[in-house]
Every structure is written in C-alpha cells, then in structure tokens.
Amino acid sequence: MNNLLIDDLLRLSLQEDLGFGDITTEAICPEDQVSHGYLLAKQNFILAGMAVFTRVFSLLDQRVEVQAHYSDGQPVAKGIKFAAISGPTRPLLAGERVALNFLQHLSGIATATNRCVEAVKGFNTVIVDTRKTTPGLRALEKYAVTVGGGQNHRLRLDSLVLIKDNHIQAAGGIGEAVRRVRGRVSPYIKIEVETETLDQVTEALTAGADIIMLDNMPLPVVTQAVRLISGRALVEVSGNVTGDKVADLAAAGVDLISSGALTHSVQAADISLRLA
C-alpha cells in the first residue's frame, strides 16, 4: 500500500476521532504502560486492509507493532486470532477504533465481492465496481474489490467515457452524444454507452460504442441484447445487481457485471481487537 495515497486520509480520520486526546485511556493507563493483544475474527471473511490497519498505529506511535498472520485476499475463519499487536497502551487504544473501522469496512467489501466472483466461476464474466463509493475512500474501496477478486470500473471521470441517460438527453440522442465525444477525446479512450431498451442498444451499436451497458434490464431482455450485440461490443450489466442474480446474468453471456452494492451498502466484517 502506497503510504502517500492514504496518510492524509488516515490523519484526518485520527484527528476526527481523537480531538484533543483520549481522555479515558490517558486517565487509566500510565504513559509507560505496554500492552499485547490480538485481532479476532467473529465471522468468516476475506481479509483486506491490513496495511491500512498497521499504518494507523504507525502514525500515532511507531513503537506499536502489528504482526499479521494472514495476508490480504486470504479467507479468515470465525474464531481465528489472525494478527498480534503490541506496544505502548495509550496509542494502541487511541488508534483502535479508526484502525478497525478501515479494516472491517474493507474486509466487508472484499468478502461481498468474493461471493459474487465465486458465483460466476466457470463463466467468462468479470465482476466490477462502480463510482458509488464513500467520498474520500474510493481508492481504498476499489482496492478492496480487487482483493476480493473483482476488477475496477473507471476510477475517475477522466478514466473512461460513460455516456449515461442525462448525457443522451442533453445531446439529443445516442448517436449525437457519441459523435461529440469522438471529436473531443483521445482515440485510446474507450466509449461506453448506457442503454435501457433494445432500440437504444441498436443505436449504440450503430454509433460504434466499445462497451454497451444494459441498465436495469430484466434477464430475458439481457439475453436478447447479448444476441443482438453478438460480440461487436463488450456487454456490461448494471442496475440493482445483487448476489443472487449474478450467476443468471453470467449465464446469459454478459462480459461485465457492475455492482454499486459492493461499495455503497456493504456490511462490515465483524472483527475485534482484544488485549491479552
């Protein structure tokens, strides 16, 4: 993990939580007290964010040491003590909540992603995320998706052209929207068009879209659209995608399944930090 990418975020998070200091810990624990503890898995999950967890304590006090017994991407079973932590008690307890918040959230994303990835095994379908991320946490959340076996959709608005419904409305149609984009952006940038009907799929094909997104289409219509596109563009399905639907969508022959739920409404993994 690139510390330059995350240090400002972690410092802001610590400042938010600490305020002028941890008055509870400072009242109870002498400055020279040292403690040892461990991370306990209270459910099964895919680990993600150990480097972030460790970095939180490094920013508070470099004497705090974290020894991870598992690496990001590995499954951790309920009841396992998967990391050890030791160091001065004050910074150890002061950083506990912030460090756990990141670790639980990122592991939750990796776990949810992995469930979807496992559901489409055997198909040539890739699970991808969206830009429906927590402001300020996008890079970390998208990292967690890759840890879970998924891939990233565009990171920012300058990564890929995605012509959505409001762009189509503003331009007066799919063809005109694609024409304007092709006159403006580099030929090395792919153009994706969001479609809601089979007629729009035909328009996107005629306009020469590289990727066609089928947005909120019922499964039978997705199947028809895949046949209509017939390999002339990559096919992405998006909109209200949940874990119980991904296998059927993959079986329909889509190339990509994008899910905002992987980041915007994921359940955090249940992890505790306990002193020994």
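All residue numbers in this chain count up from 1 along the given sequence. In this text, all values refer to a predicted model and were calculated from it rather than measured experimentally.
- Under a 3.5 Å cut-off, the side chain of Thr197 and the backbone N or O of Gln200 do form a donor-acceptor pair.
- Looking at every heavy atom in both residues, Gly175 comes nearest to Ala207 through CA-CB, 4.2 Å.
- Using a cutoff of 4.0 Å between basic side-chain nitrogens and carboxylate oxygens, Arg115 and Glu118 are not scored as salt-bridged.
- In this structure a side-chain-to-backbone donor-acceptor pair under 3.5 Å is present from Gln104 to Ile271.
- From Ile163, atom CD1 reaches atom CD of Glu192 across 9.5 Å, with rounding to the nearest 0.5 Å.
- Asp7 has a carboxylate O that lies under 4.0 Å from a charged side-chain N of Arg55, or vice versa, which qualifies the two as a salt bridge.
- Scanning all heavy atoms of the two residues, the minimum distance from Pro75 to Tyr70 falls at O-CE2, 3.6 Å.
- Applying the side-chain contact (heavy atoms from CB on, under 4.5 Å) test between Ile85 and each of Thr54, Leu39, Leu92 identifies Leu92 as the sole match.
- Considering all non-hydrogen atoms of both residues, Arg180 and Ala171 come closest at NH2-O, 3.6 Å.
- With Val52 as reference, Leu10 is the one residue of Leu9, Asp72, Leu10, Leu103 to meet the side-chain contact (heavy atoms from CB on, under 4.5 Å) rule.
- Around atom CD of Glu65, no more than 12 heavy atoms belonging to other residues, nucleotides or ligands sit under 6.0 Å away.
- Partner of Met217 under the side-chain contact (heavy atoms from CB on, under 4.5 Å) criterion, chosen from Leu249, Thr195, Val237, Thr223: Thr195.
- Counting non-hydrogen atoms of other residues, nucleotides and ligands closer than 6.0 Å to NZ of Lys245 gives a total above 12.
- The number of heavy-atom neighbours closer than 6.0 Å to CD of Gln33, taken from other residues, nucleotides and ligands shown, is above 12.
- With hydrogens and angles ignored, the 3.5 Å screen pairs no side-chain donor or acceptor of Glu236 with any backbone N or O of Leu256.
- Side-chain contact of Thr146 with Gln151: a donor-acceptor pair under 3.5 Å is absent, judged by distance alone.
- In Asn124, the CG atom is not crowded: 12 or fewer heavy atoms of neighbouring residues, nucleotides or ligands sit closer than 6.0 Å.
- Not one N or O on the side chain of Asp270 forms a donor-acceptor pair closer than 3.5 Å with the backbone of Gln43.
- One N or O on the side chain of Asn152 and one on the backbone of Lys142 form a donor-acceptor pair closer than 3.5 Å.
- Using a 4.0 Å cut-off between charged side-chain N and carboxylate O, Asp17 and Arg97 make no salt bridge.
- No donor-acceptor distance shorter than 3.5 angstrom exists from the side chain of Asp215 to the backbone of Glu194, with no hydrogens or angles considered.
- In terms of modelled atom types and a separation under 3.5 Å, the side chain of Lys81 and the main chain of His69 share no donor-acceptor contact.
- Looking only at distances, no side-chain donor or acceptor of Ser258 sits under 3.5 Å from a matching main-chain atom of Val128.
- A donor-acceptor pair under 3.5 Å is absent between the side-chain atoms of His105 and the main chain of Phe102, judged by distance alone.
- Side-chain N or O atoms of Arg138 include one that pairs as donor or acceptor with a backbone N or O of Arg131 at under 3.5 Å.
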